[in-house]
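What follows is one structure encoded as structure tokens, with my remarks underneath.
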Amino acid sequence: MLATAYSSSVIGIDAYTVEVEVDISRGLPSFSTVGLAEGAVRESKERVKAALKNSGYDFPGDRITVNLAPADVKKEGSAFDLPIAVGILTATGLIPPLALKDYLIMGELSLDGSVRPIRGALSMAIMAKEFNLKGIYVPSANAAEAAVVDEIAVYPTNTLSQLVESLNGMESITPFTVDRDPLENPLSSDLDFADVCGQENVKRAVEIAAAGGHNLLMIGPPGAGKTMLAQRLSTILPSLAFNEALETSKVYSVMGLMPRGQGLLTRRPFRAPHHTISDAGLIGGGVIPKPGEVSLAHNGLLFLDEMPEFKKNVLEVLRQPMETGIVTISRASSTVTYPANFVLVGAMNPCPCGFFGDTKRECTCSYREIRRYRAKISGPLMDRIDIHIDVPSVPFKDLTGISQGESSSSIYQRVLAAKKIQEKRFHKTKIHSNAMMNSRQIKKFCPIDENSTALLETAMEKFGLSARALSRILKISRTIADLAGAQDIEQAHVAEAIQYRSLDRKLMV
Ligand SMILES: Nc1ncnc2c1ncn2[C@@H]1O[C@H](COP(=O)(O)OP(=O)(O)OP(=O)(O)O)[C@@H](O)[C@H]1O
Ligand SMILES: [Mg+2]
């Protein structure tokens with residue numbers, strides 16, 4: 001007898017339907033799976049067999065063939081255990097075939113018949129809604145993430161027998177609901193900008209980066225507070241809009257990284273990979289492609305501490321996602337795309353010993369060493385970083401002074417106001433921050449008056465700024481004006497923006 005259960009798998013971060021066809025026919029006892037089953041899927045028959053037996057069902061002693069359609073797409077993961085088991089029970093007459101037609105079923109089985117979590121439940125729920133299905137059966141541990149999608153019933157499943165009873169109408173599982181409302185306020189954190197003494201200039205640059213989504217590079221001697229500042233950046237980033245939260249959560253769901261019981265990620269991600277990371281780890285990859293750190297930082301922050309310590313080829317692969325906001329990974333069999341729209345924050349010392357340009361300690365590096373060190377960050381990569389800021393060591397009086405720095409919450413209010421202005425400005429376009437403007441948009445949204453033009457001209461000549469630097473300066477000026485609540489970019493805004501291109505003025509390569 002033949003039975004079909006409906007399940008789902010993901011390519012990239014989007015789900016597609018997989019029909020699980022089970023045929024049981026007379027013949028020598030056998031159990032084969034066809035339809036490009038990889039790794040964990042191929043092993044699923046052992047789990048299914050044990051789970052059926054341990055749940056009290058007879059395992060048919062006939063010839064069982066399982067086909068996963070479409071047959072030409074590689075299937076990976078353990079989510080097909082449950083639909084295969086249900087297919088077998090339907091083919092043997094224990095479940096009415098019509099009961100399967102309107103539902104997606106996903107879940108990994110453990111040998112005792114209980115259901116374990118899977119990856120990608122959120123994307124699968126989104127797809128089920130698009131197909132107007134009645135509901136989906138998912139492992140209980142994944143119910144919260146799937147239930148974020150409205151208008152689709154999500155049935156949390158604990159065991160195989162519970163699912164079988166539900167499909168037979170004997171036991172009703174209550175659909176899972178989550179509170180979709182409150183996205184967490186980013187301020188509920190232990191870290192606060194008030195902890196950072198002095199460094200007012202740097203804090204200002206960090207605020208501008210957060211408000212306009214500008215990439216930022218901090219350069220300074222050891223112990224100046226670069227890492228400290230970067231760690232506090234997430235406390236002033238504007239909270240996630242629902243759609244952004246959904247996109248980012250999809251990536252985490254596909255990686256199986258959603259915290260249990262949590263529907264959506266509520267904060268902008270902050271990823272700080274170690275400098276020993278491989279290019280596949282950073283950008284995504286592997287035989288069966290998986291998203292990398294840049295995608296886990298989607299709609300959030302990617303912090304690269306000690307940037308020149310990263311391998312050069314690893315840094316170079318950042319260029320594509322920084323330009324396009326996506327990562328494309330090609331394999332012989334398929335091409336997958338992951339979202340990767342992040343703000344890059346880098347930190348580095350000015351030279352290998354760390355004290356080049358320091359007022360108190362002498363630098364012991366040779367000119368060649370400094371050049372080699374800085375050349376690790378290539379020109380094209382530097383070009384994509386809008387703001388460069390020197391982080392000098394903190395004077396003793398700043399560290400011991402009683403006056404506290406401005407708190408994250410008051411900086412956050414300004415960032416939020418600037419973000420609202422940008423949302424209004426870009427609501428008819430595909431971009432959502434000043435940093436993402438292309439040259440046409442810069443022309444449209446960043447007009448400057450004669451005085452500012454004259455100032456820019458002088459700066460370009462005096463500091464030898466490139467045409468690229470010019471457009472960066474205009475974008476930063478726009479964000480500074482937004483933070484000030486000003487409609488037009490004024491001369492003071494441009495003057496401040498010029499300061500954030502310090503490296504254009506210095507020897508960099
Ligand atoms: N501005 C500051 N206010 C208060 N404490 C600070 C400040 N700067 C540095 N510190 C103290 O010094 C410690 C080291 O700072 P941090 O790790 O941020 O330095 P860094 O610039 O990242 O140095 P490195 O180049 O060695 O990585 C912090 O944990 C903090 O205790
Ligand atoms: Mg550091």
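In each ligand, atom 1 is the first atom listed, and ligand 1 is the first ligand listed. Small disclaimer: the values here were computed from a predicted structure and weren't measured.
- In terms of polar-atom proximity, defined here as any N/O pair under 3.5 Å, Thr227 does make such a contact with ligand 1.
- Against a heavy-atom cut-off of under 4.0 Å, Asp195 is close to the following atoms of ligand 1: 3 (N), 4 (C).
- Under a 3.5 Å cut-off, the side chain of His298 and the backbone N or O of Asn341 do form a donor-acceptor pair.
- Each of the following atoms of ligand 1 lies closer than 4.0 Å to a heavy atom of Gly225: 8 (N), 9 (C), 15 (O), 16 (P), 18 (O), 19 (O), 20 (P), 21 (O).
- In this structure, of Gln199, Met218, Lys226, the residue bringing a heavy atom nearest to atom 21 (O) of ligand 1 is Lys226.
- Within the 4.0 Å heavy-atom shell around ligand 1 one finds Ala224.
- With Phe193 as the partner, the side chain to side chain contact (heavy atoms under 4.5 Å, CB included) test is satisfied by one option alone out of Met228, Lys203, Gln199: Lys203.
- Ligand 1 has a nitrogen or oxygen under 3.5 angstrom from a nitrogen or oxygen of Gly223.
- Every atom of ligand 1 with a heavy atom of Cys197 under 4.0 Å away is listed here by number and element: 1 (N), 2 (C), 3 (N), 4 (C).
- Test Ile118, Val138, Val254 against Met124 for side chain to side chain contact (heavy atoms under 4.5 Å, CB included) and you get one pass: Ile118.
- On a distance-only criterion, Val196 and ligand 1 share no N/O pair closer than 3.5 Å.
- Without hydrogens or angle criteria, Asn438 side chain to Arg440 main chain gives a donor-acceptor distance under 3.5 Å.
- Note on Thr227: counted as a metal contact of the Mg ion (ligand 2), an N/O/S atom lying under 2.8 Å.
- Ser408 places no side-chain N or O within donor-acceptor distance of the main-chain N or O of Ile236, the cut-off being under 3.5 Å.
- Ile277 is listed as a side-chain neighbour of Glu293, based on a closest heavy-atom distance under 4.5 Å.
- Considering each of Met228, Glu306, Arg232, the one bringing a non-hydrogen atom nearest atom 6 (C) of ligand 1 is Met228.
- Residues Ser378 and Glu316 have side chains that bring a donor and an acceptor to within less than 3.5 angstrom of each other.
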